[in-house]
2 protein chains.
Amino acid sequence: MKSTEPACQYELKAARDAMEVIQGKWRIPIVIALTYGVKRFGEIQRDIPDISPKMLSQELKALEENKLIMRKLYDSMPVAVEYSLTPLGLSLQNLLVELRNWGKHFRKEIISSSD
Amino acid sequence: MKSTEPACQYELKAARDAMEVIQGKWRIPIVIALTYGVKRFGEIQRDIPDISPKMLSQELKALEENKLIMRKLYDSMPVAVEYSLTPLGLSLQNLLVELRNWGKHFRKEIISSSD
DNA sequence: CCGAATCCTGTTTGATACTG
DNA sequence: CAGTATCAAACAGGATTCGG
């Protein structure tokens, strides 16, 4: 065989699918915030100090569309909304662990060595 | 304790560091292409059919700056250049595996269920 | 063959203010 | 409290052309 690629196109697509879902500045922080339990809009906003309400709203919506999180509306007065991880969102844990592990490894290699 | 966040700021930063390095449309494909061995510019370009030379050049440079790949220049005529993964680049394998696993899981859950 | 340079477009992100 | 609306800035990505 001349090229090594054709056999792995499916694997590559899976990796890119995953990236699409978690890519961006805020999705990982939001998911991590919610791994500590159900939270309300304002709580998440306090946990991620420099996110704007617009971005938070927008990214929550995207995560909900991908079924990583659940939005529960309480029709009280004033309204209350609670966000939580779905099973699919929880299934990200292994990936998040690897992400953190590699992130630490990277810092050791890069920050210490040169640069 | 009232907030769950302060303790995990370091973990969060590690995850974001990792994301910054692998984020974007082309870095994962490039790294995956190079896991099959040393390759030249044109080979990588053929392995990733829809990448433009500009993007390939730009992303190779970024990956090199982060020490994930190595660039070796052969001063022949015409010049030849070979790219390969560094140990740090190779250390991404576990993360890539998780990325693919979760990507597949995600497709099963999403594509099949509704959407 | 391996890019660099330039120009251009669309998306992402952000600051700020406002609403039910 | 939980967002929306608006505007502006930044960035990613693409098309094309050029050079050693």
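So that the names make sense, note that chain A is the first sequence line, chain B the second, and so on, each numbered from 1. These numbers come from the heavy atoms of this one structure, side chains and all, not from hydrogens, waters or symmetry mates.
A pairwise comparison of heavy atoms in Val38(A) and Glu43(A) identifies O-OE2, 4.5 Å as the closest pair. Nearest heavy-atom pair, Arg100(A) versus Ile32(A), reported as atom, atom and distance to 0.1 Å: NH1-CD1, 4.0 Å. Closest non-hydrogen pair, Arg27(B) versus Ile22(B), comes out as CB-O, 3.9 Å. When all heavy atoms are compared, the tightest approach of Trp102(A) to Ala18(B) is CE3-CB, 3.8 Å. Taking each heavy atom of Ile110(B) and Asn66(A) in turn, the nearest pair found is CD1-O, 3.4 Å. When all heavy atoms are compared, the tightest approach of Asn94(A) to Glu98(B) is CB-OE1, 3.4 Å.
The base of dG14(C) sits with one of its N or O atoms less than 3.5 Å from a complementary donor or acceptor on the side chain of Lys54(A).
In this entry the distance linking CG of Leu73(A) with C1' of dG3(D) reads 12 Å, nearest Å. Ile22(B) has its CD1 atom 15 Å from the P atom of dA12(D), to the nearest Å. Spacing between atom CG of Asp50(B) and atom P of dG14(D) amounts to 7 Å, rounded to whole angstrom units. Here the C1' atom of nucleotide dG3(C) and the OH atom of Tyr74(B) are 18 Å apart, to the nearest Å. Between the CG atom of Asp47(B) and the P atom of dC2(C) there is a distance of 13 Å, given to the nearest Å. One atom, NZ of Lys61(B), and another, P of dC2(C), lie 15 Å apart when rounded to the nearest Å. The nearest whole Å value for the distance from the CD1 atom in Ile51(A) to the P atom in dA2(D) is 14 Å. Here dT13(C) presents its C1' atom at 14 Å from CD of Glu20(B), a figure rounded to the nearest Å.
You'll find that the side chain of Glu59(A) is closest to dT13(C), out of dA5(C), dA2(D), dT13(C). Of the candidates dG13(D), dG3(C), dT13(C), the closest approach to any side-chain atom of Tyr83(B) belongs to dG3(C). Nearest to the side chain of Ser57(A), among dC1(D), dG13(D), dG3(D), sits dG3(D). In this structure, the nucleotide among dG13(D), dC2(C), dG3(D) sitting nearest to the side chain of Val81(B) is dC2(C). Set against dT4(D), dA2(D), dA4(C), the side chain of Arg71(A) has dA2(D) as its closest nucleotide. Of the candidates dG13(D), dA2(D), dC1(C), dG13(D) carries the atom nearest the Lys25(B) side chain, counting heavy atoms from C-beta on. Set against dA2(D), dC2(C), dG14(D), the side chain of Val79(B) has dC2(C) as its closest nucleotide. Nearest to the side chain of Met55(B), among dC1(C), dT13(C), dG13(D), sits dG13(D). Here dG14(D) is the nucleotide among dG14(D), dC2(C), dT13(C) with the atom lying nearest to any side-chain atom of Trp26(B).
In terms of position along DNA chain C, the nucleotide closest to Gln58(B) lies nearer the 5' end than the nucleotide closest to the other residue of the pair Gln58(B) and Pro53(A).
The line from CG of Leu85(B) to OG1 of Thr35(B) is 6.5 Å long, rounded to the nearest 0.5 Å. Atom CG of residue Leu90(B) and atom CD1 of residue Ile69(B) lie 12.0 Å apart, to the nearest 0.5 angstrom.
An angle of 50°, rounded to 10°, separates the two end axes of the helix from dC1(C)-dG20(D) to dG20(C)-dC1(D), each defined over five pairs.
Contact check, Arg40(B) against dC2(C): a side-chain N or O comes under 4.0 Å of OP1 or OP2.
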